[in-house]
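What you see is a predicted model; the values in this text were computed from it and never measured.
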Amino acid sequence: MAGRPCTSNRVSGTHGPALAALRFFIGGLVVLASSCVLDGVRSPPASAPARSASSSLPPLWTSAEREAARQAILQGVDPGSLDPSPTIGALGPVIYSPVPGRTEMDTDTFIRRYDDSHEIAPGAVGDRVEVHQSWLARGPAAAIEEDGQLLVRFEALRPVGPVELGLGFEIWGPRLFEPVYRHVVRSPAQPRQSFALSYSLARLVRRKYDVTEVRRTGRGVVAYRLQVLDAERYTTQVEDGRVAFRCKPPCGPGDEFVQLPTVVLGPFVDQVTPRSAVISFETDVPTLAAVQLKDATEGPPRWIRSTEGGRRHEIAVDGLNPGASYRYLAVAVDRRSETVAVPYGTFRTPPAAAKAFRFAVMSDSRSAAGGDGRNYNGVNRHVLERLMQQAVSRKVDFVVFAGDLVDGYNTLPSEFRRQLRAWMETVAPFHMHMPIYEVMGNHELVGDAWSEGWMADRNASDNSETLFAAAVVNPRNGPPAEPNMPPYLESVYSFDFGSAHFAVVNSNHWHRNRFERTDHPALPRGQREGTLNDTQLAWLDRDLTEARQRGLRHLFVFTHEPSFPTGGHVHDAMYYEGKIPEVLAVRDRFWGILVKHGVVAAFFGDEHNYSRTLIDDKVDPKYTRPVWNIVTGGAGAPYYARDFSVPWADAVQAFKPDHHFVEVAIDGPEVRLQARNLRAEVIDEAVLTAAAGVE
């Protein structure tokens, strides 16, 4: 697997003195070198004591260890060099403000015009429009005063309300955490645009409510939830947040309270290999950060530092042991020298040549109607949380999410970031312990739009692909960027796991709608939805060739748009009802590569249903080796019905409109699939290798 650059484009600012000060050895705490890449060459890991592999989970951090962690990161550090903006408790940047001369349009209205079924007269362009579904102008943000008053503020784009603020603590279990809201603050009933709701933390930490022992430790994390009545859209908007603080025990009235830097997103574990992993998290203010790691051998914890200061940290860890279980502690320090530590995350490295493991595939968690978390900032949190919980309970080693994480289809980079953030917030309790590999879908689109229904990906530094790469932590080993096109960074990539190889391509790279129209106002930029260009196809062919040369037994490929749709996207995807020869030519080139290399299955989303189709020489004589076409678009978007008109209808061996995920178990030569719905029922199962005739 390719290493990550030492300087991430996600972290702003250079803080030489502070970074130098983080190179420390404290007692038995060994600083590991990050598995970053300098000029394309992986830096070797620092030597570490030999450790025996263990599948048992290491013990939790003791109070003394956590205190040592806080003290260790401060020794010799000069945090004053960190960027002073934003300040602690600041409201945050403007999410959206109206653009003079441009009409605002909600996403649902625009999508009806965006679809090819909406006729646009030749030469009709219309005005540039701002497409979004945001209701926030700024915030929310939490600030803690010295007397313990917690103030939660936000600004809306239009009058909304009333507002209810729920407050409580994050309760940590053996693996997962969940906020428990005990106290409520309500605004006046009259709608308005600017809000500030306050509550005394001294009341929240009263003895009978102090379930996280703030009174004893002097530290806590308050979780809050804003529920905002949005009468214009006949719905309730929900925003979640957290804020860390310290206080002088017993933390009662009159005691001093200090707001700490807060880990507002994560931590997450990604790209776990037998000897490495990547831990990432984001803080509310610029910080210096480190990860403390311990395994079950009860040796001394080890430190891994971030490469530079900022709000977002990606810390690569080398020198791990195959088949071992680890706990990690994320620690951050701000420019005031205040520190915060997230309780813990866990992960397990696979054996060096794992022949038995399992992974999950799901897709299309964008929002749906019905309330109850079905539209949390463009995400169907109600369904996605339940599927992730099942994946964790099934003990899968990782998840591949095959696109359409969010609603997208807007023109505001700020809103697209917020939607991707909402998705990450939803999966956070599970992603702390389990890697997730994300794939771009057609809804991962922020672009330029015109009122008649034209839209194209942005041709700027904040295009869809760049914003997507900034939000996720995927391998960076895809093809190089082409001139005047967005990069393939973290949307086209591959990785090995055990005896298998996994390749991801982006069938929605830089796309524009109505591709055949020569009067599109965004010409010449953009590509057709569902296409794979020469660069990606050449990369995929080479990548699968190299995987076979390394001796990988099972090959899997992932993208969003199905090659052989079965219901809901027969009119586009990689088929377009068979009416566009160029589309079929690209589809056949792609599928020919899968046949050539003996790929077991290709997984797709896009269609909001489940289907399993065997594509072989009965479908087309040139497909001389069978490959499975598996659609798993059941993570929350509204269902699509089956289409029996496709030429491969008889090859469809299973179809089900249901919320679900797919679990794939590899055991030596066998690859077995089970599709499970929200009720944990098995809605389909098959031995993929036997049915496909793979040896």
Side-chain angles (χ1 to χ4, degrees), residues 90-100 102-112 129-142 151-166 181 184-197 224-242 264-265 365-382 384 405-426 443-447 449 462 467 471 636-637:
L91 186 57
V94 173
I95 296 171
Y96 174 65
S97 58
V99 178
R102 289 194 186 174
T103 303
E104 294 183 48
M105 185 177 294
D106 69 84
T107 303
D108 290 341
T109 299
F110 181 78
I111 286 178
R112 288 193 290 271
V129 292
E130 294 292 349
V131 180
H132 68 94
Q133 56 190 37
S134 180
W135 63 277
L136 269 176
R138 298 182 71 184
L151 186 67
V152 177
R153 298 173 296 154
F154 68 92
E155 295 176 3
L157 284 174
R158 57 181 180 276
V160 295
V163 175
E164 179 179 278
L165 172 66
Y181 306 105
V184 170
V185 178
R186 294 184 176 91
S187 74
Q190 184 177 1
R192 53 177 138 164
Q193 289 182 255
S194 182
F195 292 84
L197 295 90
Y224 64 86
R225 169 167 291 180
L226 285 168
Q227 297 188 86
V228 183
L229 180 62
D230 187 351
E232 181 174 307
R233 294 186 179 170
Y234 296 89
T235 190
T236 298
Q237 306 285 359
V238 177
E239 291 285 330
D240 288 342
R242 63 171 72 137
V264 293
L265 195 61
S365 56
R366 66 179 182 84
S367 71
D372 191 27
R374 290 174 173 84
N375 188 353
Y376 177 65
N377 291 329
V379 178
N380 191 332
R381 182 165 64 178
H382 174 79
L384 181 58
L405 291 67
V406 299
D407 282 349
Y409 280 122
N410 63 72
T411 60
L412 306 180
S414 58
E415 183 181 356
F416 188 54
R417 291 188 189 98
R418 285 189 70 245
Q419 290 189 9
L420 291 173
R421 182 186 185 88
W423 192 89
M424 299 298 288
E425 288 175 350
T426 301
H443 277 261
E444 274 71 68
L445 173 63
V446 56
D462 52 2
L467 294 175

Does any N or O in the side chain of H443 come within less than 3.5 Å of the main-chain N or O of D407, such that one atom is a donor and the other an acceptor? yes
For the residue pair T426 and Y376, establish whether any side-chain heavy-atom pair is separated by less than 4.5 Å. yes
Pairwise side-chain contact, R418 with I95, heavy-atom cut-off 4.5 Å (strictly under): yes
Using atom types as modelled and distance alone, determine if a side-chain donor or acceptor of R192 lies under 3.5 Å from a backbone N or O of P159. no
Please tell me if the side chains of R138 and L91 come closer than 4.5 Å, counting only heavy atoms from C-beta onward. yes
Side chain to side chain contact (heavy atoms under 4.5 Å, CB included) assessment of R112 paired with T107: CA-CA 9 Å; R112 288 193 290 271; T107 303; over 6 Å; no
Would you say the side chain of E104 lies within less than 4.5 Å of the side chain of V129, judging by non-hydrogen atoms? no
Take N377 and R421 through the test side chain to side chain contact (heavy atoms under 4.5 Å, CB included) and record every step on the way to the result. CA-CA 9 Å; N377 291 329; R421 182 186 185 88; over 6 Å; no
Kindly indicate whether the side chain of V379, heavy atoms from C-beta on, has any atom under 4.5 Å from the side chain of S367. no
Test side chain to side chain contact (heavy atoms under 4.5 Å, CB included) applied to R186 and V184, step by step: CA-CA 7 Å; R186 294 184 176 91; V184 170; 3.6 Å; yes
Would you check if L136 and E239 make a side-chain contact, meaning some heavy-atom pair closer than 4.5 Å? yes
Please say whether the positively charged group of R225, taken as NZ for Lys or CZ for Arg, lies over the ring of Y181, i.e. under 6.0 angstrom from the six-membered ring centre and within 45 degrees of the axis. no
All heavy atoms of P413 vs all of V446, minimum pair found to be N-CG2, 3.7 Å
What's the separation between atom CZ in R366 and atom CG in N375, rounded to the nearest 0.5 Å? 10.5 Å
Which atom of L405 lies closest to which atom of W423, heavy atoms considered: O-CD1, 3.3 Å
Residue pair V160, F195: steps toward the side chain to side chain contact (heavy atoms under 4.5 Å, CB included) verdict: CA-CA 10 Å; V160 295; F195 292 84; 3.9 Å; yes
Heavy-atom nearest pair, G161 first then P191, reads O-CG, 4.2 Å
Looking at every non-hydrogen atom in both residues, tell me the closest pair between W135 and R158 and how far apart they are. CB-NH2, 3.9 Å
Would a 4.5 Å heavy-atom cut-off, applied to side chains only, mark V163 and F154 as touching? yes
How close do V99 and E130 get, counting heavy atoms only, and between which atoms? CG2-OE2, 3.6 Å
Minimal non-hydrogen separation, H132 against N410, with atom names: CA-CB, 4.1 Å
